[in-house]
Amino acid sequence: MEIIDSFLEDELERIIQSVLDKHDDFNYYEIEEICHDFLDEIPKKIKDVTKLKRLEKYIRKEFELDNTEVGSTGLLTLQDSDTKKYSLESIPKYLFEWKSKIQSSLISIKNLTRNIGLTDLFHDAELQINKTDKVALIWKNGCWKTTLLKIIIWKETTQMEWDGSVLLAPWLSIWYLSQDLFWQSEDNTLSEEMLQVFPEITQKINRLSQIKNPPSLQERELEGGVDEEIADLNQELAEDDGFRKYELQKNILKYFWISDEQMAQNVMSLSGWEQTKVQIAKFLIQEVDLLILDEPTNHLDIEWIIFLEKFCQNWKKALVSISHDIKFIDNSSERIVEIYQKKIHNYTWKYIDFLEQKEAKYNKEMKDFKDQQKELKTTEEYINRFRANSAKASSVQSRIKALEKITVLEEPLNDKTVQFISINSEKRLPEIIMRLHNVQVGYTFPLIILPEEIEVHKSEKIWIIWANGTWKTTLLKTILWDLKALAWESSINETIKIWSFAQILEELDLENSIINELGKSHNNEQDIRKILWGLLIQWEKVNQKISSLSGWERAKVWLTKMLLQKPDIIVMDEPTNHLDLHSKQVIKKMLHWFNGTTLIVSHDRDLLENVSNKIWLIRNKQLEIYDEVEEGIAEVYM
């Protein structure tokens, strides 16, 4: 069989895939053989582009494909939304499987040491990322994750800034989805933004359209050499796969359920989760070796988190996801890398396995440390005992030299233990905490239709699940009486204390120190210490101004202040967005044992599946109530 050049091979791959998408009774190798047999019959002197056109015509006829399934340029084209259902499953598979030309590992970090002043960030850290690795990077807040990412994407480029070896494969293409999204221009419509994914191709397509459709015959004559320019542009676009790429950048967002109306909107008018989807779609259609997702689930509802998990599962190239979402970690990665104690530690498979492996590693390190300490103590006692004994001089010197050669092990630290924070209501609560009757939630007209009668009982821990844009915040404000309902009858015991995250945020004085702010409403320093300690806020920080804290530290202060009120009902809107895994486990344990009522809006499935006993699901502008958590979860995942 003739070996054809790489350009034709790339185009051939897409033609084969177009057949497989419609005919699942064939396999890849059967279609490949048919294509090669046809191409072998074409004289060698024929140009590749012509070979491709002949093959396309033959394939369309042989397999009854229309022009939308194999385009006239040999490119898979997206069909209109009224003729094709767009979904993750219908995205052309080759987009997930682009074959990297890199044969070695993508990134190799050895003996990395990085300092800021007298603070050690990393010491002899090592990391390797191969071309099909799916890595979840986890860390405690404050463990210099951002610094490591900057080194990986080569934002810290001078050797003076760190010691060690950081090797990136030649021609490595990395795309980084950060929490600060990037736009070509914030003035662009979404359609204009997408046409800048491949700007040179867009420019050539526009020029081709311009010279093919001049306003007058006289202008065409003035252009001169038009036919030659058209031929050159067609050749350049075909060789660069330009026609397919142009169609992809125009249409890929249909697979992400972005409507034509949204394509005409300004990019900055999109919601956070819509902007995240756009960035992911951009990465998908480009030749990327390594995709880095930094907290990708923060602005997504559960429906889109599940979509993103499936996206990551389909992704056949290297992936590094930085996340505090345990379910997302388990469903999207095959290896866990933890930044801990200035080192980078590698663990395999799921999060629960990671915890077991980490504990086993700690136990071994602690045993080695204790054994060495015992040996050192025995040796030092021997030396001190016989140092003045001339008969033992040789033996003593031998032991002294042996001690000098020993690398003393550091005592390993164990952070596996989740601190227990006990927060309980101070009063005996009535069986029915809240009763809502004929409530209408909205501003000028109802936005959510609620059941006619809702009762909230004292033992209920309610998980509120929503699709983005379904007015869950409006519902919470109405329940808290921060927003007047359009109509309702309600009864809430006046003595019951209801506290919410949003309420604390409004009252927080950012110019106050942590201890002064928390002490305003609670004078028991021991209680304050206990909660801050459980959330890993060091006591030496308590005199810092709140305004000087990082986002995750402020979140912990907000949480501490609310818990110190000892509420009867806790209302939380995305409480774990800025918390690390350890702090999430603290909150999970605290909510599990809390004796009051909770209403929590969250997409953190691990947290709520372990805490909740009731689900309120908001979808299609209706509130559905499930008394059985398993039934509600099944509805979410269906």
Side-chain angles (χ1 to χ4, degrees), residues 271 273 301-303 425 427-507 562 565 567-575 591 594-604 607-609 611-636 638:
S271 66
W273 60 281
D301 62 19
I302 285 182
E303 181 180 30
S425 171
K427 65 171 66 71
R428 183 176 180 179
L429 300 176
E431 179 59 34
I432 297 177
I433 296 290
M434 183 186 306
R435 181 180 284 112
L436 308 176
H437 180 69
N438 289 329
V439 175
Q440 293 186 17
V441 175
Y443 293 90
T444 56
F445 56 88
L447 297 173
I448 304 174
I449 299 173
L450 275 62
E452 183 176 341
E453 187 83 26
I454 298 176
E455 288 185 350
V456 177
H457 294 255
K458 66 178 181 180
S459 60
E460 289 182 345
K461 293 180 170 58
I462 299 169
W463 177 11
I464 303 177
I465 312 175
W466 78 105
N468 278 318
T470 53
W471 313 102
K472 49 94 179 177
T473 302
T474 306
L475 173 62
L476 283 184
K477 286 183 176 180
T478 304
I479 291 174
L480 294 171
W481 294 355
D482 292 335
L483 176 67
K484 186 177 180 181
L486 297 177
W488 79 340
E489 297 174 20
S490 69
S491 60
I492 300 177
N493 191 311
E494 293 181 358
T495 64
I496 288 176
K497 291 190 292 185
I498 303 177
W499 282 90
S500 72
F501 240 16
Q503 186 177 1
I504 295 296
L505 289 178
E506 291 175 2
E507 296 181 358
M562 183 181 75
Q565 310 306 316
D568 304 312
I569 300 178
I570 294 177
V571 180
M572 292 180 168
D573 190 348
E574 293 294 355
L591 291 174
F594 176 57
N595 67 342
T597 305
T598 60
L599 285 86
I600 302 178
V601 173
S602 178
H603 59 230
D604 190 319
L607 172 70
L608 278 307
E609 286 178 16
V611 168
S612 304
N613 55 27
K614 197 164 195 172
I615 287 180
W616 289 7
L617 174 60
I618 306 173
R619 62 178 175 183
N620 301 323
K621 298 184 178 181
Q622 289 191 327
L623 175 64
E624 304 169 13
I625 296 179
Y626 295 90
D627 294 324
E628 297 294 331
V629 173
E630 292 78 8
E631 182 185 358
I633 291 174
E635 286 294 318
V636 173
M638 65 182 294

Let me confirm one number: the CE-CG distance from M572 to L599, rounded to the nearest 0.5 Å. 11.5 Å
Take a 6.0 Å sphere around NZ of K458 and say whether it holds more than 12 heavy atoms from other residues, nucleotides or ligands. yes
So, taking the atom named CD1 in I302 and the one named OG in S602, what distance separates them when rounded to the nearest 0.5 Å? 7.5 Å
Restricting to side-chain hydrogen bond (donor to acceptor under 3.5 Å, both in side chains), what partner residues turn up for S425, sequence neighbours left out? D568
Gap between atom CG of L436 and atom OG1 of T478 - 0.5 Å precision: 10.0 Å
Sorted by chain and number, sequence neighbours left out, side-chain contact (heavy atoms from CB on, under 4.5 Å) with V601 holds for I464, W466, K472, L476, D573
Does the side chain of L623 come within less than 4.5 Å of V441's, by heavy atoms? no
Taking the side chain as every heavy atom from C-beta outward, state whether I496 and M434 have any atom pair closer than 4.5 Å. no
Measuring from atom CG of L607 to atom CH2 of W463, what distance do you get when rounded to the nearest 0.5 angstrom? 8.5 Å
Residues that Q622 engages under side-chain contact (heavy atoms from CB on, under 4.5 Å), provided they are two or more places apart: I449
Approximate separation, where rounding is to 0.5 Å, of K461 NZ and I615 CD1: 15.0 Å
Taking it one step at a time, do H457 and I432 satisfy side-chain contact (heavy atoms from CB on, under 4.5 Å)? CA-CA 4 Å; H457 294 255; I432 297 177; 3.9 Å; yes
Taking atom CD of E455 as the centre, report whether more than 12 heavy atoms of other residues, nucleotides or ligands fall under 6.0 Å from it. yes
Interatomic spacing from OG1 in T474 to CD1 in I448 - rounded to 0.5 Å: 6.5 Å
State, yes or no, whether a side-chain contact exists between V439 and I454 at a heavy-atom distance under 4.5 Å. no
Are V571 and I479 close enough that some pair of their side-chain heavy atoms sits under 4.5 Å apart? no
Looking at N613 and S459, would you say the former's side chain and the latter's main chain have a donor-acceptor pair under 3.5 Å? yes
Would you check if L450 and W616 make a side-chain contact, meaning some heavy-atom pair closer than 4.5 Å? no
Residue pairs passing the salt bridge (charged side-chain N to carboxylate O under 4.0 Å, His left out) test with at least one member in residues 436-454, sequence neighbours excluded, are R435-E453
Got a sec, which residues hit salt bridge (charged side-chain N to carboxylate O under 4.0 Å, His left out) with K614, two or more places apart in sequence or on another chain? E460, D627
